[in-house]
Amino acid sequence: MQQTKAQNMYDVVIVGAGLAGMVAAKMLNEKNINYKVIEASHRSGGKVITAERKDHSRFFELGAQFVNEDMTEIVSFIESAGMELQETDVNEKSMDITAPTRKALGKCVTDVQHEMIKATGEQDERLSDLYERVITDEELKKVISSIHAELLNIEPSRLSAKVLTDMHERYPSEKSDLTHQASGPLSHLISFLEKNLDGKIVYNEPLRQVNETKEGYTLITDNDQYRANAVIMALPPAVASHFSYSSNLEQYYRQALNSYTDGAIIKTTWVFQNAFWHYYAIDGETKHVGGIVFTDPQGITVADSSKIGDAEVRLTMFIGAGLARNLAKEDEIQRKEIATELLEKVFGEQARTYVDMEQSVWVDHPYCGGGYGASVHYRGVDTAADVLREPYNLFVFASSELAESFPSFMEGAVRSGQYAAKQILKRI
Ligand SMILES: Cc1cc2nc3c(=O)[nH]c(=O)nc-3n(C[C@H](O)[C@H](O)[C@H](O)COP(=O)(O)OP(=O)(O)OC[C@H]3O[C@@H](n4cnc5c(N)ncnc54)[C@H](O)[C@@H]3O)c2cc1C
């Protein structure tokens, strides 16, 4: 390891160049703060990553993709990066169905979620135990647990029931999270943020240890050491739980960090030339299927991810929790085939008429965690996000999970980065 060089001393070091870290950096940049961002991987963006076909004919979002109009901060960044919002092709006439049972899903899903929130007590219990207490209809129980296994990317038996109330309170929108998408690849947003950071990001620099001393903070990476007066840890809490901390930081944060468990998600998108799911025969009528919830196997949903105005149409499948972990062990060809077979169960041979397909695996990712975000597990501290979000001396965590609004969405990452930067700017 090299000796700490004078040029490795900063007012602020930000760890992680995902959305939270980059947005925090942008704010420090605007105030002419002497800062550095250290990033473990070779690229910025974290869970925002686009795959573009070599001939630029089409692109796929491997991670984050959808927004709604209440997610004002990320929408504003998308627009600043030169893109517009485009509507996803689902509306109030589209219908969600179950698979393989092929039944229409109604308002009962929202109603039962409200009942469950009301029934959540002060005592911690497993989310799966809450289902047993509140939901009498066995089929509905399967629907709800499958939705949660996908949405939270973690088996409901491993989660605290309080996650549900938390999810509800911290999603300040009546709109679905899928209503809009950027008109172009989100990699444009990441390039826009990078440009503003003026070469301040050091790549391939994974942090391993942080020490707080009287002189400030020392951050030890695989290659170097950095000294800083303040630190913003802009990475998922379950990832941050693997680092070593000096005893005061360890004592203050360990319980909160260990309260999080990582999700697991596999995202598959198919491109079609014909939107056959717009003409789906169900209960004697022809309906536009906008979404599918698999009750068997659990943890799978499918969404119409087509954008209004695009020539091609798309379906995207999200496979979460245990099934994602198991599938991640298969090779790529087998994994793609399993996903297509699942789609075939609903749409028959038409599912195989796709012209392109992309799949991304977010399971046990060493730097981004496994899913959309981490969640507090059963017996975890339910105030963990509050503990991590507020600075302790000049040290603070930021990441989508910690945002007061829209955790585990891009909006949460932006808001959390902004909040952390504001807190540090107030104090240095
Ligand atoms: C498949 C998938 C689909 C999603 N879909 C949506 C969607 O449609 N809409 C939406 O709003 N959100 C979606 N999300 C969630 C969204 O992507 C995240 O909430 C958001 O991008 C998280 O940003 P972040 O900055 O908090 O964390 P991250 O993106 O995880 O960034 C953390 C950064 O820290 C770096 N890092 C980690 N460890 C170290 C270390 N030791 N040293 C230095 N750097 C380190 C990482 O490499 C990474 O760059 C999706 C996520 C996934 C995986």
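For ligands, and for the atoms within them, numbers begin at 1 and follow the listed sequence.
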| field | atom 48 (C) of ligand 1: nearest protein contact (heavy atom, Å) | value | E39 OE1, 3.5 Å

| Gap separating the CD atom of E169 from the CG atom of D166, nearest 0.5 angstrom | 7.0 Å

| task | Look only at interatomic distance and state if A40 has a nitrogen or oxygen under 3.5 Å from any nitrogen or oxygen of ligand 1. | result | yes

| query | With backbone taken as N, CA, C and O and side chain as the heavy atoms from C-beta onward, which portion of P366 lies under 4.0 Å from ligand 1: side chain, backbone, both, or neither? | reply | neither

| field | H288 and D89: CA distance, side-chain angles, deciding distance, side-chain contact (heavy atoms from CB on, under 4.5 Å) verdict | value | CA-CA 10 Å; H288 171 174; D89 193 8; 4.3 Å; yes

| field | Atom of S400, atom of S408 and distance for their closest heavy-atom approach | value | OG-N, 2.8 Å

| task | Check whether any heavy atom of I38 sits under 4.0 Å from an atom of ligand 1. | result | yes

| field | Nitrogen or oxygen of L19 less than 3.5 angstrom from that of ligand 1 | value | yes

| K267 and Q65 side chains, donor-acceptor separation under 3.5 Å | yes

| request: Measure across N229 and E215 and return the closest heavy-atom pair with its distance rounded to 0.1 Å. | output: OD1-O, 4.3 Å

| field | Among A64, G46, G63, G417, closest by any non-hydrogen atom to atom 14 (N) of ligand 1 | value | A64

| request: With atom 52 (C) of ligand 1 as the reference point, say which of F397, F409, F66, Y372 has the nearest heavy atom. | output: Y372

| request: Just need the protein heavy atom nearest to atom 26 (O) of ligand 1, so name the residue and atom and give the distance. | output: S400 N, 2.8 Å

| task | Heavy-atom distances under 4.0 Å are what count here, so tell me which part of C368 touches ligand 1: side chain, backbone, both or neither. | result | both

| Polar contact flag for E411 and ligand 1 (N/O pairs, less than 3.5 Å) | no

| task | Compute the centroid of each ring, for F409 and then for Y171, and state whether the two points are separated by less than 6.0 Å. | result | yes

| request: Going by heavy-atom distance to atom 30 (O) of ligand 1, choose the closest among Q65, M410, K47, H365. | output: K47

| field | Distance filter under 4.0 Å to F243 heavy atoms, resulting ligand 1 atoms | value | 40 (C), 41 (N)

| said: Can you tell me how the ring of Y392 sits relative to the ring of Y252, calling it parallel under 30°, perpendicular over 60° and tilted otherwise? | reply: parallel

| Under 4.0 Å from ligand 1, counting heavy atoms only, is it the side chain of E205, its backbone, both or neither? | backbone

| task | Tell me, with the steps shown, if I300 and E150 meet side-chain contact (heavy atoms from CB on, under 4.5 Å). | result | CA-CA 6 Å; I300 306 175; E150 181 275 309; over 6 Å; no

| Gap separating the OH atom of Y419 from the CZ atom of R389, nearest 0.5 angstrom | 7.0 Å

| task | Go through ligand 1 atom by atom and flag the ones less than 4.0 Å from a non-hydrogen atom of I265. | result | 1 (C)

| field | Selected option - heavy-atom contact closest to atom 32 (C) of ligand 1, from A20, G16, A234 | value | A234

| query | Which of these passes side chain to side chain donor-acceptor pair (under 3.5 Å) with W270: D356, T316, T340? | reply | T340

| query | N/O of R43 under 3.5 Å from N/O of ligand 1, yes or no? | reply | no

| field | Nearest neighbour in protein (non-hydrogen) for atom 15 (C) of ligand 1 | value | S408 O, 3.3 Å

| Top protein contact for atom 37 (C) of ligand 1, by heavy-atom distance | Y367 O, 2.9 Å

| message | Less than 4.0 Å is my threshold; does some heavy atom of F318 fall inside it relative to ligand 1? | response | no

| task | Check step by step if side-chain hydrogen bond (donor to acceptor under 3.5 Å, both in side chains) holds for N29 and N196. | result | CA-CA 8 Å; N29 214 38; N196 280 307; 5.8 Å; no

| task | May I ask whether D177 has any heavy atom positioned less than 4.0 angstrom from an atom of ligand 1? | result | no

| Which one of I266, V23, L207 has a non-hydrogen atom at the shortest distance from atom 40 (C) of ligand 1? | L207

| Can the ring centres of Y245 and Y253 be said to be less than 6.0 Å apart? | no

| field | P407 to R170 - nearest heavy-atom pair and separation | value | CD-O, 3.4 Å

| said: Checking a contact table here: which protein heavy atom is nearest atom 20 (C) of ligand 1, and how many Å away? | reply: A413 CB, 4.0 Å

| task | Starting from atom 31 (O) of ligand 1, find the nearest protein heavy-atom neighbour and note its residue, name and distance. | result | G18 CA, 3.4 Å

| remark: In short, A182 meets Q86 closest at the heavy-atom pair O-OE1, 4.4 Å

